[in-house]
2 protein chains.
Amino acid sequence: MSIQQNILVAVDAVVFGYMNANLHVLLVKRKGSTFHKEWALVGGFVLDDEPLTTAVKRELKEETGVQLDYLEQLYTFGDTVDRDPRSRVISVAYFGLINSSKIVPIGDTDAMEAKWYPVNELPDLAFDHSAILSAALNRLRAKLTYQPIGFDLLPNEFLFSELEQLYVTLLGKDIDRRNFRKKIMSFGFLEETSLFKQKKSGRPAKLFRFNDLKYRELESKGIYFDL
Amino acid sequence: MSIQQNILVAVDAVVFGYMNANLHVLLVKRKGSTFHKEWALVGGFVLDDEPLTTAVKRELKEETGVQLDYLEQLYTFGDTVDRDPRSRVISVAYFGLINSSKIVPIGDTDAMEAKWYPVNELPDLAFDHSAILSAALNRLRAKLTYQPIGFDLLPNEFLFSELEQLYVTLLGKDIDRRNFRKKIMSFGFLEETSLFKQKKSGRPAKLFRFNDLKYRELESKGIYFDL
DNA sequence: ACATTATGCGTAATTTTTACACAAAAGTAA
DNA sequence: TTACTTTTGTGTAAAAATTACGCATAATGT
């Protein structure tokens with residue numbers, strides 16, 4: 001078998017972070033010849049002997065230094081704009097989340113190269129990255145309602161009101177605080193800590209923790225988590 | 001930008017058909033040098049200027065002559081066995097369904113090259129095709145419960161008992177005939193025809209038809225279809 | 001005509017979801 | 001120290017959805 005192909009394989013990552021009660025995406029300013037100085041998703045070409053997820057993590061490390069808490073394959077975009085005029089590129093897009101307490105503020109200087117953008121204040125993006133980002137947003141919102149994925153966007157210990165706020169922000173619809181709490185607690189993967197957190201005013205609130213082990217145990221029993 | 005890559009891009013299709021009250025998969029017997037005479041999914045290399053779905057349809061036509069009623073991207077398998085020892089291959093897997101009345105019996109001769117296999121009597125498969133098939137089965141089963149995808153496996157006109165049987169077979173759990181019917185009918189995308197079908201014995205049953213337009217209208221209103 | 005097979009309904013019990021209000025624990029300002 | 005504001009924490013009743021369940025109808029075969 002002797003196949004001659006001229007298609008390049010790339011990976012792109014849509015990485016979401018949650019800060020200031022808002023969803024953010026990690027973008028980098030391109031330095032290459034194509035789309036020079038434009039904002040784009042983190043990504044790049046896959047090495048010959050490199051697994052796809054390894055490629056994603058490598059690019060992420062090289063370009064931003066960020067480490068992921070959640071990563072899954074999103075979709076493969078193959079019928080799109082070329083990166084290099086001489087060759088077609090197909091891009092395997094990934095979708096990642098990062099724990100908000102691990103977020104390193106980057107790109108606040110003038111010589112910035114990577115930056116967290118609020119999803120409702122996005123700049124124009126290079127390539128078809130707007131389409132990829134849009135697909136990732138849909139996936140995130142859909143997944144949020146049947147998989148406890150929101151915890152990967154919060155710090156390890158968080159207030160119930162923060163969790164609630166996250167859902168309100170990402171799903172864009174109101175939640176009844178009491179019913180929400182009842183539902184989440186009924187799943188059994190959240191545990192109270194002995195810690196409290198005091199805001200500027202109001203009653204101090206318990207901090208909660210997501211018990212990943214417990215979650216996996218429940219999941220393996222085929223239990224569903226509809227919100 | 002001058003990238004030298006040695007990765008080949010292929011597509012593979014897991015095509016499901018439903019016949020004799022059983023789910024089947026379309027397999028082909030390989031003729032190439034690698035995995036010669038072994039059974040495999042339909043697939044092949046993507047042409048340089050060819051969209052991915054076009055490649056899937058082309059391979060399908062070339063190798064089996066089958067036309068699809070439903071096609072969606074499944075997953076990209078990239079960390080797997082090489083097809084060609086000289087190069088790495090990543091494969092974008094697709095997932096397709098075919099209307100059971102369009103199924104052409106193939107491969108019943110001795111010189112067969114393509115064949116419908118019942119999913120519970122599968123032969124060993126070439127490459128990592130077992131893993132791909134398994135992912136497709138999971139996707140099919142999951143999707144069946146929130147999207148009216150089962151109709152693409154049935155003839156245009158079908159009995160309610162056939163639809164019910166399909167769900168029982170694919171989901172592997174019992175269904176209350178009356179509740180099932182109520183639920184499906186409540187969605188509003190099934191319509192009665194004036195036709196009847198007579199089995200060997202028993203009361204003749206109405207034939208139903210899936211109204212795709214109506215479905216899309218409902219779907220665009222954001223209505224969900226949980227089973 | 002009688003037994004057998006499969007279709008086509010309707011209603012009551014149970015479970016899940018939704019709606020809704022008030023007390024408790026802090027800070028702040030008079 | 002008291003009154004006011006802010007935020008957390010909980011329970012119950014109404015409504016909706018799901019589940020369980022039985023019997024009449026329309027054919028075939030003997």
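Lettering of chains follows the sequences in order, A, B, ..., and the numbering in each one begins at 1.
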Table of protein N/O atoms under 3.5 Å from nucleotides 17-21 of chain D N/O atoms:
from	atom 1	to	atom 2	distance (Å)
D:dT18	OP1	B:Lys183	NZ	3.0
D:dT18	OP2	B:Lys183	NZ	3.1
D:dA20	N7	B:Asn179	ND2	2.9
D:dA20	N6	B:Asn179	OD1	3.2
D:dA20	N6	B:Lys182	NZ	3.3
D:dC21	N4	B:Arg178	NE	3.4

Whole-Å distance separating the CD atom of A:Glu164 from the P atom of D:dT8: 8 Å
Nearest-neighbour nucleotide for the B:Ser201 side chain, C:dT5, C:dT7, D:dT8 considered: C:dT5
Spacing between B:Gln198 atom CD and C:dG8 atom P, to the nearest angstrom: 11 Å
Geometric class of the A:Phe77/A:Tyr75 ring pair [parallel <30°, tilted 30-60°, perpendicular >60°]: perpendicular
OP1 or OP2 of C:dC9 under 4.0 Å from side-chain N/O of B:Lys206: yes
For atom NZ of B:Lys197 and atom P of D:dA26, their distance in whole Å: 21 Å
Options D:dT10, C:dC9, D:dA26, nucleotide nearest the side-chain atoms of B:Arg181: C:dC9
Within the 6.0 Å centroid threshold, strictly below: A:Phe225 and A:Phe189: yes
Spacing of A:Met185 atom CE relative to D:dT10 atom P, expressed in whole Å: 9 Å
Partner set under side-chain hydrogen bond (donor to acceptor under 3.5 Å, both in side chains) for A:Lys182, not counting sequence neighbours: A:Asn179
Atom pairs and distances, side-chain donor-acceptor, residues 146-156 of chain A, under 3.5 Å, sequence neighbours left out:
from	atom 1	to	atom 2	distance (Å)
A:Asn156	OD1	A:Asn99	ND2	3.1

Spacing between B:Leu159 atom CG and D:dA26 atom C1', to the nearest angstrom: 15 Å
Distance-only donor-acceptor test (3.5 Å): side chain B:Arg203, base C:dT7: yes
Rounded distance (Å) that lies between atom C1' of D:dT10 and atom CZ of A:Arg177: 9 Å
Ion pair A:Arg209/A:Glu157, N-O distance below 4.0 Å: yes
Whole angstrom value for the distance that separates P of C:dT7 from CG of B:Leu207: 12 Å
Separation of atom CD in A:Glu192 from atom C1' in D:dG9, rounded to whole Å: 11 Å
Ring center gap for A:Phe187 and A:Tyr215 short of 6.0 angstrom: no
Short N-O contact, B:Arg181 and B:Glu164, less than 4.0 angstrom: no
